[in-house]
Amino acid sequence: MGPLIRRRDSMSTPDDNEYRQARLAKLERLREAGVNPYPERYERTCMLARARELDDGTEGVRVAGRVMTARVMGKLSFLTLQDQSGRMQVSVRQDDVGKEDYKVIKKLLDIGDFLGIHGDVYTTRTGEKTVAARDFTFLGKTLRPLPEKWHGISDKESCYRQRYLDLLMNRETMDRFLLRSRLIRTMRSLLEAEGFIEVETPVLQTKASGAAARPFKSHHNALDMPIYLRIAPETWLKRCIVGGFDKVFEFARCFRNEGMDPSHLQDFTMLEYYCAYWNYEDNMAFTEKLIQTVLRDLFGTLELEIQGETIDFGGTWPRVTFREMILEDCGIDIDAHETADALREAILAQGIQLEDADRLGRGNLIDHLYKAVSRPKLKAPTFITKHPIDLSPLARRNDDNPRVADRFQLVVNGWEVVNAYSELVDPIDQRRRLEEQSQLKSGGDEEAMEMDEDYLLAMEHGMPPISGWGMGIDRFCALITNQPNLRDVVLFPLMKPVE
RNA sequence: GGGGGCAUAGCUCAGUCGGUAGAGCAGCGCCCUUUUAAGGCGCGGGUCGAAGGUUCGAGUCCUUCUGCCCUCACCA
């Protein structure tokens with residue numbers, strides 16, 4: 001299958017593209033000259049960033065990369081190579097490589113082609129560390145031109161559709177994805193150091209469970225039955241705890257068939273972990289430690305510049321209950337309003353407008369109220385705790401106040417980054433809570449959860465106290481790299497096909 | 001789904017009041033042994049996102065469509 005190319009690109013009629021024609025002709029001439037345009041390997045001894053640090057006079061270095069710029073003269077050429085580590089200049093002299101080989105540089109090489117250079121390190125008279133080629137190896141012919149060397153590629157659509165060009169031309173893009181990789185690696189190693197075991201749970205499921213969201217549906221041909229893509233790994237990871245794992249985690253690709261905007265993707269990565277014998281308060285303490293360690297490892301500081309503000313991740317983050325927060329921000333004490341109607345009146349009395357307020361239940365009213373009056377103000381990392389119980393069907397009921405859950409969310413810059421709770425491990429309460437959800441669902445609430453007998457069966461075999469935790473990796477990554485759109489931390493975001 | 005914006009050469013962008021589509025880089029040819037946005041001389045390259053309309057004449061004005069971005073709504 002060919003790459004997705006914009007309509008105005010000449011992919012549809014490649015033959016009339018002057019660049020492609022010229023390069024195909026060079027490809028032929030390379031072969032005629034006895035040069036393999038696509039050789040199988042190259043013995044590289046050094047990445048470019050490392051080679052730049054070598055002393056002048058270092059001999060016999062072998063570097064390789066893509067030619068990004070070329071300053072070709074009659075008998076001497078300077079080329080800039082690029083590999084994953086960065087860029088470096090190399091030089092090729094006709095006197096060193098011979099007339100025939102030099103002709104390859106002069107006549108058959110294009111920007112974008114791959115080259116291996118075997119030579120010696122020196123510094124040019126303009127102060128540029130350079131590898132002078134004793135000989136070189138042609139390592140790959142490109143048929144299309146790269147974007148312009150100075151401005152690179154900036155069209156957002158092209159960057160998303162042809163991310164390889166964005167990665168090649170914009171170092172910030174490459175650095176961002178390298179950072180995402182390091183973030184995941186650091187998280188994994190911290191969890192492993194803490195005794196967590198990485199597991200894998202099903203992506204294809206016969207029931208989409210573990211969160212309130214609309215799933216993607218598919219069809220299993222051999223079993224002739226509907227299949228759902230997972231919306232969360234939660235109930236499976238808790239089955240692992242039933243089975244005797246004490247600490248598990250999974251980097252779980254999840255899929256939700258809902259609206260897309262800069263902070264929601266239909267295809268995203270959640271990190272979830274579950275720890276036996278912890279409660280949500282243990283988990284808050286661990287969350288602080290985990291995130292602070294990650295940030296120190298990635299940036300060497302706990303103060304990040306996010307959307308024009310300096311956000312300090314240091315110290316102990318405030319823990320604020322839903323009730324306290326809403327009371328402070330709009331004067332409404334949610335505990336003083338036991339029913340949805342009473343709460344609705346109080347909200348109206350404060351002159352606060354909420355969309356569809358008349359059809360929301362008490363829990364959703366509280367949630368919407370929080371999102372309207374409190375969440376946008378939360379810039380520095382803050383733990384919001386004690387969510388309404390009916391918004392948390394899998395979370396443990398608080399022992400002192402049965403209307404709230406032992407739950408917290410970490411909010412930074414108005415984004416919910418972590419969601420965690422003491423898990424509900426009482427199978428009787430769980431059954432009741434899922435029955436309530438299932439009633440909501442049959443009443444038309446598409447996001448309500450379904451009854452999940454298989455999960456209840458597992459629960460009835462016994463669960464220890466558990467605290468579970470989930471982080472949107474894409475969101476966290478976008479947050480710490482200061483990207484307003486989640487697509488900027490996903491290599492190949494879903495795009496509608498052109499044509 | 002509502003509102004706003006964008007789409008011109010491979011890339012980055014100009015294009016005035018509606019009057020023969022331009023530049024830089026890239027490409028092609030020639031010259032060039034210390035360049036680094038290399039330089040010099042010369043030459044090509046366009047379905048102006050698509051379709052329709054207004055007009056003597058449309059890149060430009062109008063309508064519809066497609067894709068992308070922002071925003072509101074929905075959505076953890």
Side-chain angles (χ1 to χ4, degrees), chain A residues 4-14 16-23 25-26 68-80 87-96 102 106-107 110-112 122-130 132 142-162 165 168-169 210-214 231-232 254 256-266 268 270 354-356 364 367-368 371 375 387 391-392 409 411 415-419 446-447 470-472 474-475 484-485 487-488 493 495-499:
Chain A
L4 266 177
I5 298 289
R6 313 177 61 177
R7 183 176 5 204
R8 79 159 188 260
D9 189 290
S10 49
M11 185 63 186
S12 49
T13 52
D16 62 9
N17 183 304
E18 60 173 316
Y19 294 91
R20 202 161 179 279
Q21 282 307 307
R23 286 161 188 246
K26 290 179 185 176
M68 299 306 286
T69 65
R71 295 168 290 284
V72 177
M73 290 165 278
K75 290 173 183 155
L76 166 71
S77 294
F78 292 94
L79 312 171
T80 308
R87 293 186 175 196
M88 184 182 188
Q89 178 169 276
V90 299
S91 64
V92 183
R93 288 200 312 172
Q94 179 173 284
D95 289 350
D96 294 331
Y102 191 72
K106 234 165 80 169
K107 293 291 172 191
D110 282 302
I111 288 169
Y122 74 113
T123 299
T124 63
R125 70 172 66 140
T126 46
E128 183 88 10
K129 190 72 83 171
T130 304
T142 172
L143 297 185
R144 289 174 186 273
L146 293 182
E148 196 228 353
K149 64 185 170 192
W150 192 242
H151 300 92
I153 191 166
S154 59
D155 177 64
K156 260 190 154 175
E157 186 175 354
S158 301
C159 287
Y160 290 148
R161 289 190 191 276
Q162 296 180 278
L165 295 180
L168 272 176
M169 304 309 298
R214 299 220 305 266
I231 55 175
C254 298
R256 297 185 182 179
N257 204 347
E258 293 173 340
M260 51 197 299
D261 64 49
S263 63
H264 294 82
L265 300 170
Q266 47 284 106
F268 62 102
M270 295 238 292
L354 296 181
E355 288 284 323
D356 297 324
N364 273 315
D367 191 46
H368 281 68
K371 285 176 179 170
R375 194 175 67 177
H387 294 57
L391 292 177
S392 318
Q409 284 181 319
V411 179
W415 286 14
E416 285 150 10
V417 172
V418 169
N419 181 27
E446 285 196 78
E447 302 133 37
M471 170 188 271
D474 312 277
R475 274 195 190 172
N485 192 326
R487 292 174 155 221
D488 294 316
M495 302 289 278
K496 273 180 134 174
V498 180
E499 283 172 331

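Letters A, B, ... are given to chains in the order of the sequence lines, protein chains preceding strands, and every chain is numbered from 1.
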Would you measure the distance from the C1' atom in B:rG4 across to the matching atom in B:rU16 and give it in whole Å?
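It works out to 26 Å between them.
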
Under 4.0 Å, heavy atoms only, any strand: does [X] hit a base, just the sugar-phosphate, or nothing?
X	value
A:Lys106	nothing
A:Ser154	sugar-phosphate
A:Gln94	nothing
A:Lys371	base
A:Gly472	nothing

Just jot down the salt bridge (Lys or Arg N to Asp or Glu O under 4.0 Å) partners of [X], sequence neighbours excluded, or say none.
X	answer
A:Lys26	A:Asp110
A:Lys371	A:Asp367
A:Arg375	A:Glu416
A:Arg214	A:Glu446

Contacts of [X] that satisfy side chain to side chain contact (heavy atoms under 4.5 Å, CB included) - sequence neighbours left out:
X	result
A:His151	A:Glu148
A:Thr142	A:Arg23, A:Asp113
A:Gln89	A:Arg71, A:Phe78, A:Thr124, A:Glu128, A:Thr130
A:Arg487	A:Tyr160, A:Met260, A:Leu265, A:Asn485, A:Pro493, A:Met495

Output a table of nitrogen or oxygen pairs between the protein and nucleotides 2-4 of chain B separated by less than 3.5 Å.
none

Treat a base pair as Watson-Crick or G-U wobble with both distances under 3.5 Å, then lay out RNA chain B in dot-bracket form, 5' to 3', with | for cross-strand pairs.
(((((((..((((.....[..)))).(((((.......))))).....(((((..]....))))))))))))....

All N/O contacts under 3.5 Å from nucleotides 21-24 of chain B to the protein, with atom names and distances to one decimal?
none

Could you tell me which residues satisfy side chain to side chain donor-acceptor pair (under 3.5 Å) with A:Glu258, sequence neighbours excluded, listed by chain and number?
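By the side chain to side chain donor-acceptor pair (under 3.5 Å) rule, A:Glu258 matches no residue at all.
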
How many angstroms lie between atom CG of A:Asp96 and atom OG of A:Ser91, to the nearest 0.5 angstrom?
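The OG atom of A:Ser91 is 8.0 Å from CG of A:Asp96, to the nearest 0.5 Å.
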
Side-chain atoms of A:Glu258 come closest, of B:rG67, B:rG44, B:rA76, to B:rA76

